[in-house]
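Encoded as structure tokens, the structure appears first; notes follow it.
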Amino acid sequence: MTFINYVAREINCKLVYYGPGLGGKTTNLQHIYQITNPENKGKMISLATETERTLFFDFLPIDLGQIRGFSMRFHLYTVPGQVFYDASRKLILKGVDGVVFVADSQEERLDANLESLSNLNLNLKEQGFDLNKIPYVLQLNKRDLPNALPAERLKKLLLVKGEPVYEAVAPKGVGVLETLKAAARQVLVELRKSA
Amino acid sequence: MAGDDKARFLRDAEKLVTHGKVPQAINEYLKILKADPNDVLTLNTVGDLYLRLGKVPEATKYFSQVADTYTRNNFLLKAIAVYKKILRADAGNLPINQTLAELLARQGLHVDARNQYLRLAEVYSNEGKKRESVQAYEKAAELDPANSDVQLKLAQIYLSEGNKERARGFFTGAARAQAKAGKHKDAVSSYQQAMQLDPLDAAALKGFLDASDRLGDVTPVLEQLKKSLKIAPDNVALLELLAQAYIASGDLEGALKAFQTVVSQDESRFPLIFTVSSAYVAAGDYDRACLCLDSLIPLLITRRETERAVEAYNEVLKANPDHLLALTKLAEIFSATNDRLRHLGTLEKQVDAYRRLNRPAEALEKVGAMLLLSPENEKFLRLHEQVFTEAHPGLPYVPPESAHESQPGYAPTEEVRPDVSGEIASVLEIDLLISYGMKDKALGLLLAMEARDPMEREIRIRLLSVYRDSGQAIKAAEQCLALAAIYKILHNEEEAAKYMTEARRFAPEIVGPKLDLAAFAAQRGIPLDPARSVAGSQADESMELDLSGDLSEIFFKDSQAPAATDESNGIEPETSPIVEEYSPEAAPRPTDSIQEQLQEVDFYIRLGFHDEARAKLQELASDFPNHPELLQRSRQLGEESGQEAEMPIPMGPPGPEDNGTGKNKIKAQSDLFQDLDVDFAADPFVVDGFESRGTGADAGSSEDYLTGSRAAPEDLRAKAPGGAAPAEEKVNEMFADILQEVDASAGEYFEMHFNLGIAYREMELIDDAIKEFETAFKSLNPSGSAKEMVRCCGMLSTCFLEKGMPRSTVRWCQTGLQLPGISAHEAMALRYDMGTAYAQIGEPERALECFGAIFRTDPSYRDVAQRIDELSERS
């Protein structure tokens, strides 16, 4: 849920990057962090005890600009993709304003994608959200890998409601900003609608 | 003692021995020992001399000293020899027996040690020392576990003492030893004794089963297992043993059932089912070898272990290369796993097998399936023609595509309309969707696949499953009928009858004797009646008339009116704001200029949100018709979005009071945007700071910013501190005009803890958040970080309010308010929190003081006026 910080004059929106483990969620945030003007980003926090896997979450605040003296500050989170960190995922989804689902395009990760998507649906429901109503973007990551499934096939299996879909190669930054932009757009529109 | 003395004593002693004067000789030797008590040779000689005199205890004393010295110096074999010498003289000496046994075991002489312990056990037993005797037996058993006699003896001893646990252990040990020695009958007997003491001992039961199997009669163990399972029916280990016992007894169905129960409780044990499959292969029952894996396939798909099933089917094919069921199952697996190459290869084998068996109709179906996978393959096309001729002699050849198109009366009747374009999905994917509960999506894809290939049984079986699970009896019946028709085509009357029965069970009122299955099937694209199907376009137009009225009504009534799916994205900009009454008592808000409102348009344009920008422009156009800035933005939007004319703005005359401020129309805003200090006459999303940036033709589009295809304006580039690297420019440009909020001087430590606090608060981990904010606060230098300190105070006051600790909120607000250089809005925000906290504490006067101070600065601040009213009324 959007939080208005009157002391700092900020409107804080929460955007969560969801998806299976090692699917590229953290890489998305790292790319955003790397190319964002230092003045418009906060420090990226990665609570990780290993170098390869996210064990808790990443957090990156970025500033999109000001509206009537209030900064539009987006808080980007990643969830730990590994199945056994469900409690962490539920916590991170609390008060979410929008979700980016980072799917791993590799054929052998289809099962993990579906499991994660099902888990997202379930966890959102537990938090009182409806995936069909919440701002939501699907990113098909790792498109450059030889074992990537055709995008059309993935869309048929992973599309939830006709949400925007972006093909991405996160380490190269391909599709990363487009995904963020689409998600931010939906969140802003929802914010405006709630006005 | 000098060396000369020792030599003299020795000489004298030896002389005395020679003369038979043994006691005197001993005295001489003792003189030597007095001087050197560890002289083992002398000690040994003295012992020997005492033995000659028949003085065993004295001899033992000196021999023991010798053995002890040897043991200390690690000359164990010598020590053992000495102890044996003692025992030759004194066999019942318990300490020596004990010591010798230990030494033998220590030296690794297990047989000798075991014998020594057994001797020791007997000695103890003879002396009535039962406990020590048992301990000696246990040592012997430990040293020689293959000695079943010792273990049985121990088992009996413990049993007589009432210690069932120990007794069972030794019975089992004895049984194991007996089995190892090939004494299976004895082993079975020992195991049975063990089972009487603990019927749930899985390890013992396993041994029992093995021994019984070796004897060629597992009946006793089967009976024992059944008894044990009555006590613990969910014991997975026992169930597994029961299944193995069934396999040993040749009851493979019993084994399958038991293994399935095991797998249902612990799916990681699924490989057990393959044991049954292999047993069926060994028994020559290849059909059952295939079918027994059916229940396992969804699990294998989910676990991505389908290769295990492939191996099992290949095992069948190794025994019988033409086994149709194994080939069918293999084809299903390859289809499910998208293994196109192996799928084609298997289909080809199926075609060959069907043709050899003179079943051309099925062969033709498989060629059709091959052509679906490889439509241009000339070899397959030729094969299709060849097999078609075999299947339908005398009929003109219908190529596969036209045959598919001409299936009569094809008209899907589902509510969900399938997407038949492109590649749809594999059965594997469908199974995955179903297994993850995404049944709606699975249904949509299945319907698309059904439309594409009405003859595909796997699709219909899954459709049947989905409908059955969702309680849609009519649709389930429909699928049963379709499957029955398909099986009739395949001449598999048994399966056809099975599905007819199931259809009747789902919808008994409609699947009656009047049902024309052929007509129904034809409607579904299933050519049950060759006269209707093969001829394709010659299909009987009166087919639907053949249907029974009930069936036709129920099955096809929806076919003309498929329900539209909800394609709405659910995200549309609000276009008609609610009009709210403006309170004249409220202090007047500053008037928004059109420039401020245009900032919002610029904000949207910059982010590439053209629809939102367009909607805002349209909204503004009604308030500010013909405004040149609007026209300029509209042109800019047209250029950015690639549209020629972006001018949807109605150009009506301005209202009487509308002087470019839009004041005549007061729009309602939510609390959110009232809180944002947004003018009621303006849209909330008005962005500051965009005016300074070029607009119109000079301005880059948002896409340009993203792609970097257009250079950023110079002024924006100058804003990037230190000159951004090219890779950074994308976002620098994208958000170039976003004003800086975070003080760049904030240290990393502060920022990390502050952000962590923010994250924890958003996860509702308030205690953790408070800890992080306090850490962040403490890390700051009060002289140079007032802004960060105020932010911390604000977040801490918020957290404590959320935690229900208003007094702490007051303290943090006071701290913040005392900080130097605090801005007016920061002070108002903290006072607002402090007022709220005082109200919660029950101090309305102080709360009123806080809200009053805000009201005097800005009467329109949030709901402060309302708060004052409420508190005044209460007090």
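Atoms considered below: every heavy atom in the structure, side chains included; atoms not considered: hydrogens, waters and symmetry mates. Chain naming here is simple, since letters A, B, ... match the order of the sequence lines and numbering starts at 1 in each.
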Where does B:Ile758 contact chain A at under 4.5 Å (heavy atoms): side chain, backbone, both or neither?
both
Output the distance between atom CD1 (B:Ile766) and atom OG1 (B:Thr798), rounded to the nearest 0.5 Å.
9.5 Å
Most heavy-atom pairs under 4.5 Å with chain B, out of A:Leu122, A:Val160, A:Leu110, A:Asn12, belong to A:Leu110
Against chain A, label B:Met795 side chain, backbone, both or neither, depending on which of its atoms sit under 4.5 Å from a heavy atom there.
side chain
Counting heavy-atom pairs under 4.5 angstrom with chain A, the leader among B:Glu762, B:Arg761, B:Met828 is B:Glu762
Report yes or no: do A:Gln106 and A:Asn147 form a side-chain donor-acceptor pair below 3.5 Å?
yes
Name the region of A:Leu154, side chain, backbone, both or neither, that has any atom closer than 4.5 Å to a heavy atom of chain B.
neither
Indicate the ring-plane relationship of A:Phe70 and A:Tyr6, choosing parallel, tilted or perpendicular according to the 30° and 60° boundaries.
perpendicular
Give, as side chain, backbone, both or neither, the part of B:Ser797 having an atom under 4.5 angstrom from any heavy atom of chain A.
neither
Check the pair A:Tyr77 / A:Tyr17 against side chain to side chain contact (heavy atoms under 4.5 Å, CB included), numbers first and verdict last.
CA-CA 6 Å; A:Tyr77 290 78; A:Tyr17 281 67; over 6 Å; no
In plain terms, say whether A:Glu178 and A:Lys181 are close enough for a salt bridge, that is, a side-chain N and a carboxylate O under 4.0 Å apart.
no
Residue A:Leu117 versus chain B: region with a heavy atom under 4.5 Å
both
Within the 4.5 Å heavy-atom criterion, are A:Leu15 and A:Leu180 side-chain neighbours or not?
yes
Under a 4.5 Å cutoff for heavy-atom pairs, which residue among B:Glu826, B:Met438, B:Lys441 has the most contacts with chain A?
B:Lys441
